[in-house]
Number of protein chains: 2
Amino acid sequence: MTDLADYLKSYFGMEEREIDIIRECFLPQTLRKHDYFLKAGQVCHTMSFQRSGLVRYYMDTPEKEVTQWISTPGYFITDLAGLVFDKPARYSIQALEDCELFSIDKRDYDRLAEKVPRWPQLERRFIARCFTYMEDRVFGLLSMTAEQRYKWLFDQHPAIFNQVPLQYLASMMGMTPETLSRIRKKQL
Amino acid sequence: MTDLADYLKSYFGMEEREIDIIRECFLPQTLRKHDYFLKAGQVCHTMSFQRSGLVRYYMDTPEKEVTQWISTPGYFITDLAGLVFDKPARYSIQALEDCELFSIDKRDYDRLAEKVPRWPQLERRFIARCFTYMEDRVFGLLSMTAEQRYKWLFDQHPAIFNQVPLQYLASMMGMTPETLSRIRKKQL
DNA sequence: GCAGTTTTTTGATTTAAATCAAGAACTGCT
DNA sequence: AGCAGTTCTTGATTTAAATCAAAAAACTGC
């Protein structure tokens with residue numbers, strides 16, 4: 001059983017039959033360290049399940065580079081603006097480490113509902129969950145200090161703190177590398 | 001033609017027949033100023049189209065009250081955590097002014113797909129759009145100064161700046177009322 | 001394994017925004 | 001209309017976090 005199957009089962013509560021069908025639609029793909037899954041400005045036409053590795057979503061601005069998100073194994077990787085609305089991506093998605101993915105093209109993705117009738121309901125839950133997570137993130141950014149945001153992210157995703165360069169974590173939490181370095185020191 | 005019909009047509013590109021069906025499912029409702037659409041801790045079981053008035057989403061924390069969002073006519077009001085996952089709301093939703101809504105109960109909402117086959121696709125676009133909007137908001141909070149966030153929100157929703165008490169706008173943009181007052185003064 | 005680069009840490013200083021404080025301008029109420 | 005309670009503005013002060021700067025540590029590739 002692949003990780004994707006585990007995920008589909010535990011997260012979506014899917015049945016064996018559905019899992020098999022979906023798994024067939026996703027094809028193995030690898031990303032090398034520093035490879036781009038998507039570059040800002042391109043229209044994303046792929047949805048991938050991340051089996052291993054680390055991936056970073058970031059935006060380039062005139063002054064600095066802003067890390068929006070770090071994706072870890074067990075997550076899906078895509079840009080909904082592209083996948084759903086055919087809009088060019090506002091951010092780039094790049095591998096921080098070699099990654100193993102299971103990927104499906106937009107065309108096939110849009111036909112999943114034909115093969116798995118329950119797919120629209122499952123996808124609805126998936127996207128709605130992304131939204132509620134973002135609500136929590138906005139709340140954190142509106143109301144917490146740098147140190148509180150650190151603790152919050154640490155509780156949510158302790159794994160990335162050992163693996164991801166500090167500068168990216170800092171940016172993702174809305175602080176400078178220096179500030180994160182000091183907070184981290186204080187926690188010991 | 002009601003505002004809801006206008007919205008369904010222009011935003012979702014729905015046909016007359018579909019619009020009529022959906023409109024029948026949404027019932028008129030009014031909220032008086034200060035009435036709660038939803039209180040934190042309750043499970044939201046309603047989805048409403050906002051015809052008029054102003055609505056505020058906010059969270060209570062030990063130190064302060066954090067305004068998450070101000071909803072204006074033409075938006076839908078709900079808490080997806082409740083509507084999709086039956087989870088208690090993390091925030092309260094309260095009328096800032098008398099409001100006219102068109103509301104549908106969760107039970108009926110979940111049956112919309114039977115009446116309008118295309119509903120799942122439409123809803124998908126709706127929720128995905130909410131998500132991409134939140135991505136932009138997170139980016140803004142990660143990368144912009146208070147003044148830049150002010151300008152951004154002002155471009156996006158100029159209407160609310162005349163109507164909503166400054167303290168709520170400030171909180172929603174992640175700054176204090178004093179800071180917003182000074183920024184606003186500077187803009188003249 | 002070591003030179004060269006990049007990243008992280010640490011300290012000193014600055015700054016944007018928060019806090020504190022008080023007066024002005026609204027709001028609603030009887 | 002006039003008073004009480006908000007809300008908003010303005011100024012003075014503080015502070016959390018940014019910036020600046022340089023050394024230390026950690027990677028990189030040859």
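So you know, we letter chains A, B, ... as the sequences are listed, proteins then strands, and number each from 1.
- When the side-chain nitrogen and oxygen atoms of A/K185 are compared with OP1 and OP2 of C/dT9, none of them lie within a distance under 4.0 Å.
- Closest to the side chain of A/R184, from the set C/dA17, D/dC8, C/dT9, is C/dT9.
- Within 4.0 Å (heavy atoms only), A/R149 reaches no atom of the nucleic acid at all.
- Rounded to a whole Å, the CD1 atom of A/I183 is 9 Å from the C1' atom of D/dA17.
- The residue among B/A146 and B/K33 whose nearest nucleotide of DNA chain C is located toward the 5' end is B/A146.
- Taking side-chain N and O atoms only, A/T179 has no distance below 4.0 Å to OP1 or OP2 of D/dA17.
- Comparing A/E147 and B/Q167 along DNA chain D, the residue whose closest nucleotide (by nearest heavy atom) sits nearer the 5' end is B/Q167.
- A salt bridge is defined here as a Lys NZ or Arg NE, NH1 or NH2 lying under 4.0 Å from an Asp or Glu carboxylate O, and A/K87 with A/D79 fails to meet this definition.
- Rounded to whole Å, the distance from OH on B/Y150 to P on C/dA16 is 19 Å.
- Judged by distance alone, with hydrogens and angles left aside, the side-chain atoms of B/D98 form no donor-acceptor pair with the main-chain N or O of B/R32 at under 3.5 Å.
- Atom pair A/M144:CE and C/dA18:P shows a separation of 17 Å (rounding to whole Å applied).
- Taking only distance into account, the side chain of B/R182 meets the base of C/dT19 through a donor-acceptor pair shorter than 3.5 Å.
- B/P165 comes within 4.0 angstrom of sugar-phosphate atoms only, judged by non-hydrogen atoms across all strands, and of no base.
- Straight-line distance from the CE atom of B/M175 to the P atom of D/dA17: 16 Å, rounded to whole Å.
- Taking side-chain N and O atoms only, A/T176 has a distance below 4.0 Å to OP1 or OP2 of D/dA18.
- The separation between A/Y168 atom OH and C/dT7 atom P is 6 Å, rounded to whole Å.
- Looking at B/D20 and B/R17, no side-chain N of the basic residue comes within less than 4.0 Å of a carboxylate O on the acidic one, giving no salt bridge.
- With 3.5 Å as the limit, one finds a donor-acceptor pair spanning the side chains of B/Y91 and A/E135.
- Atom C1' of nucleotide D/dA17 and atom CG of A/L141 are separated by 15 Å, given to the nearest angstrom.
- Of the possible polar contacts, none joining the B/E24 side chain to the B/I21 backbone as a donor-acceptor pair under 3.5 Å is found.
- One atom, CD of A/Q187, and another, P of C/dT8, lie 18 Å apart when rounded to the nearest Å.
- Residue B/E178 contributes atom CD, which lies 12 Å from atom C1' of C/dA22 at whole-angstrom precision.
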